[in-house]
There are 2 protein chains.
Amino acid sequence: MNIGEASTQSGVTAKMIRYYEQIGLIPRAERTPAGYRDYADADVHMLRFIARARDLGFSIAGITELLDLWRNKDRRSADVKALAQARAEDLRQKIAHLQDMAGTLEELARTCAGNERPDCPILQELAVQTAPAQGNRKYRNKDSTSIQERIRS
Amino acid sequence: MNIGEASTQSGVTAKMIRYYEQIGLIPRAERTPAGYRDYADADVHMLRFIARARDLGFSIAGITELLDLWRNKDRRSADVKALAQARAEDLRQKIAHLQDMAGTLEELARTCAGNERPDCPILQELAVQTAPAQGNRKYRNKDSTSIQERIRS
DNA sequence: CCTTGACCTTGCCATGATGGGAAGCCCCAT
DNA sequence: ATGGGGCTTCCCATCATGGCAAGGTCAAGG
């Protein structure tokens, strides 16, 4: 089966299949004499595994670990469980952060008249003239993860 | 004041200040004869506004809109409110998605013994041999947003 | 047998927001 | 005047993904 069919059957785009191969997440595919990648049902099975893990928000690194465990018949289920739990905790933390933001926004929106007049507590809040409240720290904490990073799944 | 001090006072790294200038989010800074960027208190004020908006999860595009409204004395507070609400709804949707994932993971983890044996329902679940359940569609829906994209704030 | 269109190949570029680093200039205190 | 730290620009990397382009291949129909 060629890459298009493997894509259809696994739900992973052809582009991503090639990418996964390139970064070593999946082994290099067999090739037909013409150079086309050739997949077996087992490959599709693996791709589907990847797709599901991805749907649960696992990163490539996490999927790598899961795949290793999947293939390892001597695995300890405790290791798998630990991975899942770590991922869940990660998500719970992100959720809490997003909830903070959403709550703040909703509260601000609630206090805004939302009419034709220009005065708006939302802008006022964003524009408060508070000191950075970071003591004598000259630059932002180097190892503090950035907002975007913290938010990403 | 030079970029380092503006950074300290605003909580925005020098790197990001230059970036914001480059993409046109903030106007080009004045320069000293030596070519150093020179900032006034008003600039720091604006940077702080940006930092706060970022902390609420607004993207650069959203911040651009907020800044425009902030500067526009003829704004309608309804427009600001709409921005905040849209952002909040966006967040609520992402939260729901993350909660789905976390819930699934926790449930799977709960059913896993987590011992020395290899059998694990988590891996079993990821490896289910279900058909892609997408009818006769050959490739994934072109305009379906990717998981990662959906998750990002 | 040849054409056509759908598929495959590789390779490069872009995303968004951010950090890292290099090479070179500038400023101030000793 | 020298040294160290700050500034400048420019380039590269991240992560997972899509898009595009140039060229090879396959299968169906004339």
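Protein chains get the first letters and strands the later ones, always in sequence-line order, with residue 1 at the start of each.
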Considering all heavy atoms of both residues, which atom of B:Ala102 and which atom of A:Ile95 are nearest to each other, and what is their separation? CB-CD1, 4.3 Å
Between C:dT9 and A:Arg18, is there an OP1 or OP2 to side-chain N/O distance shorter than 4.0 Å? yes
Calculate the interatomic distance between A:Glu5 atom CD and D:dC26 atom P; express it in whole Å. 16 Å
Which heavy-atom pair separates A:Ala51 from A:Val12 by the least distance, and what is that distance? CB-CG2, 3.9 Å
Side chain of B:Tyr36 - closest among D:dC7, C:dC7, C:dA17: D:dC7
Calculate the interatomic distance between B:Tyr20 atom OH and C:dG16 atom C1'; express it in whole Å. 11 Å
To the nearest angstrom, how far is B:Glu21 atom CD from C:dA17 atom C1'? 17 Å
Of A:Ile60 and B:Arg37, the one whose closest DNA chain D nucleotide lies more 5': B:Arg37
In whole angstrom, give the distance that lies between atom CD1 of B:Ile63 and atom C1' of C:dG16. 12 Å
Heavy atoms from C-beta onward define the side chain here; which of C:dC8, D:dT8, C:dA17 lies closest to that of A:Asn2? C:dC8
Distance in angstrom units between B:Lys15 NZ and D:dT8 C1', rounded: 11 Å
With a 4.5 Å limit on heavy-atom distance, are the side chains of B:Arg48 and B:Val44 in contact? yes
Between P on D:dC26 and CG on A:Asp38, what's the gap in Å once rounded to a whole number? 12 Å
Between A:Leu69 and A:Arg75, which heavy-atom pair has the shortest distance, and what is it? O-NH1, 2.9 Å
5'-most contact on DNA chain C (nearest-nucleotide basis), B:Ile23 vs A:Arg31, goes to A:Arg31
Round to the nearest Å and state the distance from B:Ile17 atom CD1 to C:dG19 atom C1'. 15 Å
Take the protein atom CD1 of A:Ile3 and the nucleotide atom P of D:dC26, then report the distance between them rounded to whole Å. 16 Å
Check every atom of D:dT17, C:dA17, D:dT8 against the side chain of B:Tyr19 and return the nucleotide holding the closest atom. C:dA17
Identify which nucleotide among C:dA17, D:dT17, D:dC10 has an atom closest to any side-chain atom of B:Arg54, counting heavy atoms from C-beta outward. C:dA17
Contact under 4.0 Å: A:Ser59 side-chain N or O vs D:dC15 OP1/OP2: no
A:Thr13 vs D:dG18: side-chain N/O to OP1/OP2 distance below 4.0 Å: yes
Parallel, tilted or perpendicular: which fits the ring planes of B:His45 and B:Trp70, with parallel below 30° and perpendicular above 60°? perpendicular
